[in-house]
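Keep in mind it's a predicted model, so treat the numbers as computed, not measured. Quick note on labels: first sequence line is chain A, next is B, and so on, each numbered from 1.
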2 protein chains.
Amino acid sequence: MVAALGALAHEHRLALFRLLVQTGEDGMPAGAIAQALDLPNSSLSFHLAHLTRAGLIAQRRQGRSLIYSADYPAMNALVGYLLENCCGGAGCAPDTDAAPVRRPLAERKTA
Amino acid sequence: MVAALGALAHEHRLALFRLLVQTGEDGMPAGAIAQALDLPNSSLSFHLAHLTRAGLIAQRRQGRSLIYSADYPAMNALVGYLLENCCGGAGCAPDTDAAPVRRPLAERKTA
DNA sequence: GTGTCATTTCCATAATTGTCGAAATAATAG
DNA sequence: CTATTATTTCGACAATTATGGAAATGACAC
């Protein structure tokens, strides 16, 4: 969990992750990311590896390109953890608006 | 936002923040925290300052003690940001179980 | 095989972060 | 004012993280 937070706790990596989230399941080749973010290849590769180690993004090969994509379940787990452990139990978001009482994830295990 | 993530991206600080979240609005004096977490005062002070700079905790004085407490709205904002920007728009948590379709925070602005 | 494209790994270097004892500050009591 | 308690700041050092050019790897086309 600390690893995931640490992975997102960097300007370039947060931008990178957001980009992949927007891009969707299809993902994006490293080169295109480097161009979009205006980063030297070696620096980008470093950050991609960091996010991969943290389990937030996935890598697959397509021809000579390596395609990276956001791991939504991992992000889901992170948000779930924060909601459960760092939000005063009863619910961090005080005005969940229409959504009726956001049940803490803990309750769902037994349910 | 990066600052908030970075503040939580450390074993001791995450534990510290969770402790303060559990403790509630009343908060806890620095000494008690140091004892609970078994950290030297100077180290703890460093981490408290880090979390404070990130806006995740608040400080108030009570006699000679400095009481720290979690800033729930700040945490709320952080989770909101992650939900909005890092969770594929339509909703990161795919199976919100009982909770009927967790609306993206974006929609609530206009509502 | 050779050439080329996409990307990573290696390397050196710069910058930041974490640690904790000791000294400094702040508040209160006597 | 002195003593005591609570906590921070200072300082020095170790450890980790970030950067980017150059060389290495992997995949494909010819």
A.B. asks: Using modelled atom types only, decide if a donor and an acceptor are shared between the side chain of A/R13 and the backbone of A/A7 within a distance under 3.5 Å.
C.D. replies: yes

A.B. asks: Of the listed nucleotides (D/dG20, C/dT8, C/dT4), which one gets closest to any side-chain atom of A/P40?
C.D. replies: D/dG20

A.B. asks: Does a side-chain N or O of B/S65 approach OP1 or OP2 of D/dT5 to a distance below 4.0 Å, or not?
C.D. replies: no

A.B. asks: Axis-to-axis angle across the helix from C/dG1-D/dC30 to C/dG30-D/dC1, five pairs an end, to 10 degrees?
C.D. replies: 20°

A.B. asks: Below 4.0 angstrom from OP1 or OP2 of D/dT19, is there any side-chain N or O of A/H12?
C.D. replies: yes

A.B. asks: Give A/S45 one of three labels, base, sugar-phosphate or nothing, depending on what nucleic acid heavy atoms sit under 4.0 Å from its own.
C.D. replies: base

A.B. asks: Taking only side-chain nitrogens and oxygens of B/S43, does any of them come within less than 4.0 Å of OP1 or OP2 of C/dC20?
C.D. replies: yes

A.B. asks: Between D/dT4 and B/R64, counting only base atoms on the nucleotide and side-chain atoms on the residue, is there a donor-acceptor pair under 3.5 Å?
C.D. replies: yes

A.B. asks: Could you check whether the rings of A/H10 and A/H47 sit parallel, tilted or perpendicular, using 30° and 60° as the cut-offs?
C.D. replies: tilted

A.B. asks: Identify whether any heavy atom of A/S42 sits under 4.0 Å from a base atom; if not, whether one sits that close to sugar-phosphate; answer base, sugar-phosphate or nothing.
C.D. replies: base

A.B. asks: Just the rounded figure in Å: distance from C1' of D/dT16 to CZ of B/F46.
C.D. replies: 12 Å

A.B. asks: Is there a donor-acceptor pair under 3.5 Å between the side chain of A/Y72 and the backbone N or O of A/V21?
C.D. replies: yes

A.B. asks: B/E11 has an atom CD; how far is it from atom P of D/dA15, in whole Å?
C.D. replies: 17 Å

A.B. asks: Could you state the CG-C1' distance from B/L8 to C/dT17, rounded to the nearest angstrom?
C.D. replies: 16 Å

A.B. asks: When you check the phosphate oxygens OP1 and OP2 of C/dG18, does a side-chain N or O of B/R13 lie under 4.0 Å from one of them?
C.D. replies: yes

A.B. asks: Out of C/dA27, D/dT7, C/dT7, which has the shortest distance to the side chain of B/P29?
C.D. replies: D/dT7

A.B. asks: So if I take every side-chain heavy atom of B/L48 and compare against D/dT8, C/dT7, D/dA18, which nucleotide ends up nearest?
C.D. replies: D/dT8

A.B. asks: Looking at A/T52 and A/L48, would you say the former's side chain and the latter's main chain have a donor-acceptor pair under 3.5 Å?
C.D. replies: yes

A.B. asks: Quick check on C/dT8: is either OP1 or OP2 less than 4.0 Å from any side-chain nitrogen or oxygen of A/Y68?
C.D. replies: yes

A.B. asks: Got a donor-acceptor contact below 3.5 angstrom from the B/T23 side chain to the B/L19 backbone?
C.D. replies: yes

A.B. asks: Taking atom P of C/dC5 as reference, at what distance in whole Å does atom CG of A/N41 sit?
C.D. replies: 14 Å

A.B. asks: Let's see if you can work this out: which of C/dA26, C/dT7, D/dT8 has an atom nearest to the side-chain heavy atoms of A/A30?
C.D. replies: C/dT7

A.B. asks: Has the side chain of B/N85 got a donor or acceptor atom that lies under 3.5 Å from a matching backbone atom of B/Y81?
C.D. replies: yes

A.B. asks: Kindly say if A/H47 contacts the phosphate of D/dT17, meaning a side-chain N or O under 4.0 Å from OP1 or OP2.
C.D. replies: no

A.B. asks: Any chance you could measure A/R18, atom CZ, to B/E84, atom CD, to the nearest 0.5 Å?
C.D. replies: 9.0 Å

A.B. asks: B/H10 has an atom NE2; how far is it from atom C1' of D/dT17, in whole Å?
C.D. replies: 13 Å

A.B. asks: Whole-Å distance between D/dT9 C1' and B/R53 CZ?
C.D. replies: 13 Å

A.B. asks: Please report the distance, rounded to the nearest Å, between CG in B/L39 and C1' in C/dG18.
C.D. replies: 11 Å

A.B. asks: Just the rounded figure in Å: distance from C1' of D/dT8 to NE2 of B/H50.
C.D. replies: 17 Å

A.B. asks: For atom CD of B/Q59, decide whether the heavy atoms of other residues, nucleotides or ligands shown that lie under 6.0 angstrom number more than 12.
C.D. replies: yes

